Amino acid sequence: MPELPEVEIARRNLVRWFKGHRVVESEADDTRVFRGARWKDFNALRGRLLSLERRGKYLLFTFEADRGLLAHLGMTGRFVRRPPGETVLYSRARFHLGSGEVIHFADARLLGRMEPCSASGLSELAPVKALGRDPLVDGLSPTELQEAVGDSRQALKVALMDQGRIAGLGNIHAAEALYRARLHPARAPGSLTPAEWKRLATAVHAALEFGLEEQRGEEPRYLKEGAHNGFLIYGRAGEACARCGTTVESLSQGGRTTHFCPACQPSHPDGKTRR
DNA sequence: GGAAACCTGAGC
DNA sequence: GCTCAGGTTTCC
């Protein structure tokens, strides 16, 4: 379920957890998380974590001895740090630190992905090479946004979630960005005006920054007990739009549910609403 | 395009 | 009991 902000928070936590500690042992279970990759190579991840990079929703671990790991949280994946001996539900892979603490990769639905490889080969892995610009890592100007998304023939929201165009936006933050930019999710990317690209670029950054603020902390907020919905539009179908009071609607795009305000986000640039 | 697939948990 | 879930891939 995690999108860019959640993955970035996971990255920051991991950097903190690994800092000053060596990995004395790594071990993983043979699960679907490794897909075709050689899961036993996970055991070779030892020593210091030299760097941890995020590109879109992927994490790129670099350990000593040219050992690397590509990780994706899927829908329910998460990294947690626990004292020695403590069990973690759905733990799929573990880093044992010199301090005795254990960093688990837990994933109930097994939709996450782990791929051990050489550190130098991380950037050459197919999923990584296919990624588009990361708004936080690479920046995303209105022009760059238009170049990445403007030639798509899919609905605007679907195009925004295409990781090959922009890396990191998922169902929630794409919807949040469109609401902030007052753009209808079904708009044709080719129809946006320069002013609209500018609004959208600003909105993408705002939505991601808001998400980062929301997710700060060790335990992923979205998995927390009783976490309330702090989003502007996501999950608010049937509620009144905070901006204009119109009832928020939903529609299905590319198999995902999109929420939007039919008044604030007109389907045409001239403001006419058509559905 | 869209739907179904991969999985389990949460919510109604 | 049924539906849905913040992701990605695969197959009509």
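Nothing here was measured: the structure is a model prediction, and the numbers come from that model. Quick note on labels: first sequence line is chain A, next is B, and so on, each numbered from 1.
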Pairwise P distance, B/dA3 and C/dT3 [rounded to whole Å] | 15 Å
For A/His259 and C/dC4, what is the distance between atoms NE2 and C1' respectively, to the nearest whole Å?
-> 11 Å
If you count the non-hydrogen atoms of other residues, nucleotides and ligands that lie under 6.0 Å from CZ in A/Arg48, is the total more than 12?
-> no
Between CD1 of A/Ile172 and P of C/dC4 the distance, given in whole Å, is 17 Å
Report yes or no: do A/Ser267 and A/His184 form a side-chain donor-acceptor pair below 3.5 Å?
-> no
Does A/Thr257 make a side-chain N or O approach to OP1 or OP2 of C/dA5 shorter than 4.0 Å?
-> yes
Once you round it to whole Å, what is the distance between P of B/dA10 and CE of A/Met75?
-> 14 Å
Sticking with atom C1', work out how far C/dG1 lies from B/dA5, rounded to a whole angstrom.
-> 22 Å
Side chains of A/Glu101 and A/His96: is there a donor and an acceptor less than 3.5 Å apart?
-> no
Mind jotting down which residue pairs meet the salt bridge (Lys or Arg N to Asp or Glu O under 4.0 Å) criterion with at least one end in residues 175-190 of chain A? Sequence neighbours excluded, please.
-> A/Arg187-A/Glu196
What does the list of N/O pairs under 3.5 Å between the protein and nucleotides 9-12 of chain C look like, with a distance for each?
none

Rounded to whole angstroms, how far apart are CG on A/Leu59 and C1' on C/dG7?
-> 14 Å
Aromatic plane relationship, A/Phe79 with A/Phe105 - under 30° parallel, 30 to 60° tilted, over 60° perpendicular | tilted
Between side-chain atoms of residues 198-207 of chain A and protein atoms elsewhere (two or more places apart, or another chain), which donor-acceptor pairs fall under 3.5 Å?
{"from": "A/Arg199", "atom 1": "NE", "to": "A/Ala181", "atom 2": "O", "distance (Å)": "2.8"}
{"from": "A/Arg199", "atom 1": "NH2", "to": "A/Ala181", "atom 2": "O", "distance (Å)": "3.1"}
{"from": "A/Thr202", "atom 1": "OG1", "to": "A/Lys198", "atom 2": "O", "distance (Å)": "3.0"}
{"from": "A/His205", "atom 1": "NE2", "to": "A/Leu140", "atom 2": "O", "distance (Å)": "3.2"}

Return the value, rounded to whole Å, for the distance between atom CZ of A/Arg35 and atom P of B/dA5.
-> 17 Å
Solution key, residues 114-127 of chain A side-chain donor-acceptor pairs under 3.5 Å, sequence neighbours excluded:
{"from": "A/Glu115", "atom 1": "OE1", "to": "A/Arg113", "atom 2": "NH2", "distance (Å)": "3.4"}
{"from": "A/Ser118", "atom 1": "OG", "to": "A/Gly121", "atom 2": "N", "distance (Å)": "3.1"}
{"from": "A/Ser120", "atom 1": "OG", "to": "A/Asp66", "atom 2": "OD1", "distance (Å)": "3.2"}
{"from": "A/Ser120", "atom 1": "OG", "to": "A/Asp66", "atom 2": "OD2", "distance (Å)": "3.2"}
{"from": "A/Ser123", "atom 1": "OG", "to": "A/Arg55", "atom 2": "NH2", "distance (Å)": "2.9"}

Establish, with yes or no, whether the OP1 or OP2 oxygen of C/dG7 is under 4.0 angstrom from a side-chain nitrogen or oxygen of A/His72.
-> no
Select base, sugar-phosphate, or nothing to describe what A/Leu111 touches, counting heavy atoms under 4.0 Å on all strands.
-> base
Whole-Å gap separating P (C/dT8) and CG (A/Leu110) | 16 Å
Could you give the CG-to-P distance, from A/Leu89 to B/dC7, as a whole number of Å?
-> 17 Å
Within less than 4.0 Å of OP1 or OP2 of C/dG7, is there a side-chain N or O belonging to A/Arg256?
-> yes
How are the rings of A/Phe42 and A/Phe95 set relative to one another: parallel (under 30°), tilted (30 to 60°) or perpendicular (over 60°)?
-> tilted
Are a donor atom and an acceptor atom from the side chains of A/Gln146 and A/Thr143 found within less than 3.5 Å of each other?
-> no
Given pairs defined as Watson-Crick or G-U wobble with both distances under 3.5 Å, what dot-bracket annotation applies to DNA chain B, with ( ) intrastrand, [ ] crossing, | other strand and . unpaired?
-> ||||||.|||||
So, with a heavy-atom separation below 4.0 Å from DNA chain B, the residues of residues 151-170 of chain A are A/Arg153, A/Gln154
Relative to A/Phe61, does A/Arg67 satisfy both conditions: NZ or CZ under 6.0 angstrom from the six-membered ring centre, and within 45 degrees of the ring's axis?
-> no
Please check if atom CZ in A/Arg35 has more than 12 non-hydrogen atoms from other residues, nucleotides or ligands closer than 6.0 Å.
-> yes
Taking the side chain as C-beta and beyond, is there a heavy-atom pair between A/Thr62 and A/Leu49 under 4.5 Å?
-> no
Which part of the nucleic acid, if any, lies within reach of A/Gly254 when heavy atoms closer than 4.0 Å are counted: base, sugar-phosphate only, or nothing?
-> sugar-phosphate
Starting from P on B/dT8, measure out to CZ on A/Arg109 and report it in whole angstrom.
-> 10 Å
